[in-house]
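This report refers to the structure that appears directly beneath it.
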Amino acid sequence: MKKTILSVAISCVLSASAFAAETTTTTTTTAQTPPPCPAGQTCPPPPTGTTQPAPTGTTQPAPTGTTQPAPTGTTQPAPTGTTQPAPTGTTQPAPTGTTQPAPTGTTQPAPTGTTQPAPTGTTQPAPTGTTQPAPTGTTQPAPTGTTQPAPTGTTQPAPTGTTQPAPTGTTQPAPTGTTQPAPTGTTQPAPTGTTQPAPTGTTQPAPTGTTQPVAAPVGQSNPELRALGVDDDKLPKLGRDEVKNLPPKALQAFDKKSLAALPAAAFGGLNTAALKQLNKDEVKQLDSKDLTKLLTNLDLTQVKPEDVKNLLPAGWTVDTTTGKITPPAGSNISLPPLKAASTTASTTTTGTVETPEVADLTKAVAVGGKTDASGSVLQGVNDALKASGVPQFTAKQNGNGVISVEGLGIKLHFLPDNKKMKQGDTKAPAGITIIDGHYVVVTPLGQLIPVIPTPKDPQGLALALGKDGGIKVDDNGVVTISQKGKKSPVVFDSLATPTTATPVAGKPAGVYFTGAETGFSVYADGTAQAIKPAVAAPDVFTVKAQAFSGVEAVKDNGDGSFTVTYKGVELTIKPRNFDTTVAPVATGATVDPSITVKDNDLVYTYQDGTDSVSQTLTVK
């Protein structure tokens with residue numbers, strides 16, 4: 001039986017196969033390139049010999065000898081002999097010998113020898129021998145030999161040899177045999193009294209006397225909440241008391257995205273009356289993980305189990321006596337956090353410690369996390385150990401969230417993976433299994449709880465590394481060890497053993513690399529855990545690897561390596577060693593993750609805090 005647990009405890013080293021990669025990805029700091037046309041529009045290619053106006057906020061040089069209408073907010077001279085209506089809010093000089101009234105509220109430079117009507121509310125003296133067009137709403141005869149466009153709603157013939165597009169909703173006779181289309185990819189300003197929507201992401205000034213809808217700021221998904229003073233960036237920071245004091249209008253305005261953005265603690269501010277104000281249709285559309293986050297973090301002194309019945313989607317049940325929630329099989333679930341993600345600042349003696357938010361396994365998947373006769377999830381883990389035939393082992397969770405499984409002189413250490421917990425089949429046998437290289441506990445209630453090998457004492461290890469060192473524990477199982485200006489992404493073996501059984505016997509507490517792919521963390525109590533190099537930021541690597549032409553599947557093996565199926569062949573990708581290249585990132589800049597080919601290896605670059613980090617990966 002002991003042999004069985006040891007075999008489960010020690011991570012497998014997978015064999016490697018051959019890989020030929022194709023990539024054009026490079027590592028750069030972000031520099032956004034403007035789109036070729038306003039967002040939300042599809043611009044056809046410009047006709048031969050013409051120039052396509054650039055998107056709002058860019059400048060597109062016109063071909064030699066032509067004039068390109070400028071984007072909104074710029075001044076572009078029209079081609080000689082033609083009359084080009086300027087977009088609303090811009091200034092367009094009129095053709096030589098004609099008088100072009102400027103849009104209300106703008107100033108239009110008049111052609112030589114003509115008079116430009118002054119902005120509304122001002123008086124512009126006309127030169128001797130010219131005629132000054134009257135303000136909007138009057139009829140001013142145009143100077144002899146020129147054509148004065150008629151007020152909105154009339155039809156004004158264009159000067160001979162030119163084409164004047166008519167205002168929207170009117171018919172403008174073009175010169176015989178010619179047709180005047182609007183410039184490709186532009187928007188025809190609507191007549192006074194109408195509302196012309198601006199291209200997505202831009203703000204178009206509305207004509208005088210109209211109302212122009214204003215686009216929400218970039219990243220603001222809920223303008224109703226913003227109008228009530230709750231911006232998107234505030235949602236993840238709202239606390240229990242702030243949610244408790246939200247007005248009914250704000251509670252009613254929450255949609256599924258806004259609810260999902262709230263931290264677990266915020267839901268403790270919802271009472272029975274507040275739950276009734278929530279839009280139940282939006283709540284029912286929440287991802288199952290986010291819905292269980294809402295339900296399990298409610299305060300049972302403020303709500304009752306029956307208060308949530310109308311918020312549950314089809315297939316979900318709640319026991320109104322115990323509060324136990326049962327989602328459909330396959331649903332993602334979550335538990336209240338034991339502790340929030342935290343960072344301990346460096347001091348003169350202690351290195352930095354970063355830990356993720358850890359699920360509290362002493363809670364149950366129930367309203368408010370309440371446990372009943374069936375017990376907590378942790379009790380389910382212990383029941384699973386018994387079901388696996390090893391009743392001598394007991395699982396406990398300490399204040400740092402680390403689960404220790406001890407028995408027969410063996411000590412294993414894990415963190416629960418709160419992101420991948422699922423509700424399985426309630427009839428599935430309880431026990432411990434391995435799925436895709438990851439340990440998974442199946443509780444008697446059918447809950448699947450993945451657990452990740454972790455340092456048994458991150459704080460103690462950081463203390464040993466000193467002020468220039470650090471430990472960063474990610475919720476994906478990768479731990480970054482910082483020391484002497486270097487960063488090494490590693491995975492831990494869950495088994496802690498006496499240092500007398502390792503090559504670092506007699507060494508003080510710290511981290512030791514004993515080979516290209518072997519190392520140990522040593523603790524002050526004389527125990528050690530084996531470590532091996534790992535591909536950092538597995539979620540980011542997966543996305544980048546899947547973008548390769550020919551890649552059919554990417555699997556995280558849970559031991560620091562990946563298996564990639566490339567054109568039908570399974571290949572193993574893992575770090576060459578513990579070494580990485582670290583470079584600071586300029587303030588305000590970001591690193592675009594990339595995978596490039598170098599000398600038959602891969603170079604994987606990603607961002608870790610304020611550093612750009614590169615790993616060399618082997619492919620076999």
Side-chain angles (χ1 to χ4, degrees), residues 232-243 257-270 286-299 325 331-345 352-366 368-369 376-378 381 395-404 413-423 438-441 447-459 461-462 470-480 489 491-492 494 536-540 556 608-609:
D232 276 2
D233 59 353
K234 292 181 180 178
L235 290 171
K237 303 172 186 176
L238 290 182
R240 174 194 179 103
D241 292 339
E242 290 170 297
V243 170
K257 290 183 180 180
S258 304
L259 287 168
L262 290 173
F267 295 112
L270 298 174
L286 283 169
D287 177 85
S288 55
K289 179 178 181 296
D290 293 320
L291 181 54
T292 52
K293 181 175 73 168
L294 184 159
L295 298 171
T296 59
N297 285 283
L298 292 172
D299 184 351
I325 299 290
S331 300
N332 297 308
I333 58 176
S334 66
L335 290 167
L338 175 69
K339 58 186 291 295
S342 63
T343 300
T344 303
T352 300
V353 181
E354 294 184 54
T355 55
E357 183 176 272
V358 180
D360 185 354
L361 297 191
T362 67
K363 303 293 185 181
V365 181
S376 65
V377 171
L378 186 62
V381 173
K396 300 178 181 179
Q397 188 175 32
N398 66 22
N400 293 322
V402 175
I403 304 168
S404 61
H413 299 85
F414 303 96
L415 279 180
D417 188 349
N418 201 24
K419 291 198 307 184
K420 297 179 181 177
M421 293 182 183
K422 286 184 177 293
Q423 176 64 54
H438 297 273
Y439 305 114
V440 179
V441 177
Q447 295 150 344
L448 306 179
I449 313 297
V451 291
I452 306 167
T454 189
K456 76 169 198 173
D457 183 9
Q459 284 73 19
L461 196 54
I471 297 291
K472 179 182 178 183
V473 181
D474 288 333
D475 58 7
N476 51 35
V478 174
V479 179
T480 300
V491 290
F492 276 68
S494 63
D539 294 342
V540 175
D556 181 359
D608 180 52

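For this chain, numbers begin at 1 and follow the sequence in order. Any value given below was found using the heavy atoms of this structure, including those in side chains, with hydrogens, waters and symmetry copies removed.
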Heavy-atom pair of closest approach, residues [X] and [Y]:
{"X": "L235", "Y": "L262", "answer": "O-CD2, 3.5 Å"}
{"X": "D290", "Y": "A260", "answer": "OD2-CB, 3.5 Å"}
{"X": "G369", "Y": "P336", "answer": "CA-CG, 4.4 Å"}
{"X": "M421", "Y": "P416", "answer": "CE-CB, 3.9 Å"}
{"X": "T480", "Y": "D608", "answer": "CG2-OD2, 4.3 Å"}

Heavy-atom check, side chain of [X] versus side chain of [Y], under 4.5 Å:
{"X": "V358", "Y": "N418", "result": "no"}
{"X": "D417", "Y": "H438", "result": "no"}
{"X": "L338", "Y": "K363", "result": "no"}
{"X": "Q447", "Y": "K422", "result": "no"}
{"X": "V478", "Y": "P538", "result": "yes"}
{"X": "V402", "Y": "L415", "result": "yes"}
{"X": "S404", "Y": "K456", "result": "no"}
{"X": "S288", "Y": "I333", "result": "no"}

Separation of [Y] [atom2] from [X] [atom1] (nearest 0.5 Å):
{"X": "L461", "Y": "F492", "atom1": "CG", "atom2": "CZ", "value": "5.5 Å"}
{"X": "H413", "Y": "I452", "atom1": "NE2", "atom2": "CD1", "value": "15.5 Å"}
{"X": "K420", "Y": "N476", "atom1": "NZ", "atom2": "CG", "value": "7.5 Å"}
{"X": "N297", "Y": "S334", "atom1": "CG", "atom2": "OG", "value": "7.0 Å"}
{"X": "L291", "Y": "L259", "atom1": "CG", "atom2": "CG", "value": "10.0 Å"}
{"X": "L378", "Y": "K396", "atom1": "CG", "atom2": "NZ", "value": "10.5 Å"}

*V243, T296, L294 screened by side chain to side chain contact (heavy atoms under 4.5 Å, CB included) with F267, the one that passes*: L294

*For atom NZ of K257, is the number of surrounding heavy atoms from other residues, nucleotides or ligands below 6.0 Å larger than 12?*
no

Please check: side-chain N/O of [X] versus main-chain N/O of [Y], any donor-acceptor pairing under 3.5 Å?
{"X": "T355", "Y": "V473", "answer": "no"}
{"X": "Q397", "Y": "L361", "answer": "yes"}
{"X": "N398", "Y": "G401", "answer": "yes"}

*Evaluate the criterion side chain to side chain contact (heavy atoms under 4.5 Å, CB included) for residue pair Q423 and T292; output intermediate values, then yes/no.*
CA-CA 11 Å; Q423 176 64 54; T292 52; over 6 Å; no

